[in-house]
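Comments concern the structure below.
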Amino acid sequence: GSFGKPENLSALNTIYDEATPFFDVPNSTLFFSSNGYQNLGGFDIYKVKKVNETWKQVKHLPVPINSSYNDLFYVPFGENAASMTSNRIGAAVLGEESCCYDLFKVTYQNLKLNVSAFEKETETPLSEVVFTLIEEQKDPKVKYVAADNFTDFKINRDKSYKVLAAKDGYFQD
């Protein structure tokens, strides 16, 4: 169809500069750069989730994604990677300073959540525990730990989880 008139996103704008927006439709998340929020220097990359037409809290992406140089045009692809531009060290250099922008690939390391269970009163490690990892709107992942009181689950960034531990003779916690 056709486009409507652009509207100022006053809930997100600062008195300084915002640039290079990218809206990640599957995750309802806007990525943009700004020099108006607390930053490491120059433009830093931020993200903000949109829920039911409301913008949530703006979050600063961590180091090493952000640097003391200008970091712009962040575009995620898949769960564990993104591309961006920056004039950080490692970009083209003319003279003694980084002046020019290059493309960079961001690769996120996989995350693991380590879990174990202990008897509350004595802090003795428990064996034969069933651990259940629950992520909102996903099927639970269940692991049975026979003897060693330890297991891990692969998890994703920016997700909320709950872990339940169950063992015969104990209340689930």
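A donor-acceptor pair is defined here as one N or O able to donate and one able to accept, closer than 3.5 Å; no such pair exists between the side chain of Thr20 and the backbone of Leu72. Using a distance-only test at 3.5 Å, with no hydrogens or angles considered, a donor-acceptor pair links the side chain of Asn8 to the main chain of Ser10. Of the possible polar contacts, one joining the Asn39 side chain to the Gly41 backbone as a donor-acceptor pair under 3.5 Å is found.
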Starting from the C-alpha separation in whole Å, work towards a yes-or-no answer on side chain to side chain contact (heavy atoms under 4.5 Å, CB included) for Thr29 and Lys50. CA-CA 6 Å; Thr29 302; Lys50 188 175 187 181; over 6 Å; no

Using ring-ring contact (aromatic ring centres under 6.0 Å, His included), reason through Tyr46 and Tyr37 one step at a time and then give a plain yes or no. CA-CA 9 Å; Tyr46 300 85; Tyr37 291 91; 5.1 Å; yes

Mind running side chain to side chain contact (heavy atoms under 4.5 Å, CB included) on Tyr161 and Ile134 for me, showing each step along the way? CA-CA 6 Å; Tyr161 295 94; Ile134 302 167; over 6 Å; no

Can you list the steps and then say if Lys59 with Val48 is a side chain to side chain contact (heavy atoms under 4.5 Å, CB included)? CA-CA 6 Å; Lys59 295 182 180 177; Val48 60; over 6 Å; no

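In the model, Asp44 has a side-chain atom that pairs as donor or acceptor with a side-chain atom of His60 under 3.5 Å. Inspection of the Asn149 and Ser127 side chains reveals no N or O donor paired with an N or O acceptor under 3.5 Å.
If you take CG on Asn87 and CG on Asp102, they are separated by 9.5 Å, rounding to the nearest 0.5 Å. In this structure, the separation between CZ on Arg88 and CG on Asn70 is 10.5 Å, given to the nearest 0.5 Å. The line from CZ of Phe73 to CZ of Phe31 is 15.5 Å long, rounded to the nearest 0.5 Å.
Relative ring orientation between Trp55 and Phe23 is described as perpendicular, the plane-to-plane angle rising above 60° on a 0-90° scale split at 30° and 60°.
Tyr69 and Ser86 get closest at one heavy-atom pair: CB-OG, 4.5 Å. Shown here for Ser83 and Phe77, the closest heavy-atom pair between the two residues is N-CE2, 3.5 Å. Residues Glu123 and Phe118 approach most closely at O-CD2, 3.5 Å, considering heavy atoms.
Cluster membership for Tyr170 and Phe131, using ILVMFWY side-chain heavy atoms within less than 4.5 angstrom, is shared.
Sorted by first then second residue, the salt bridge (Lys or Arg N to Asp or Glu O under 4.0 Å) pairs that include residues 7-24, not counting sequence neighbours, number zero.
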Do any side-chain atoms of residues 103-117 form donor-acceptor pairs under 3.5 angstrom with protein atoms, and if so which ones, sequence neighbours left out?
residue : atom : partner : partner atom : Å
Tyr108  : OH   : Tyr74   : OH           : 2.7

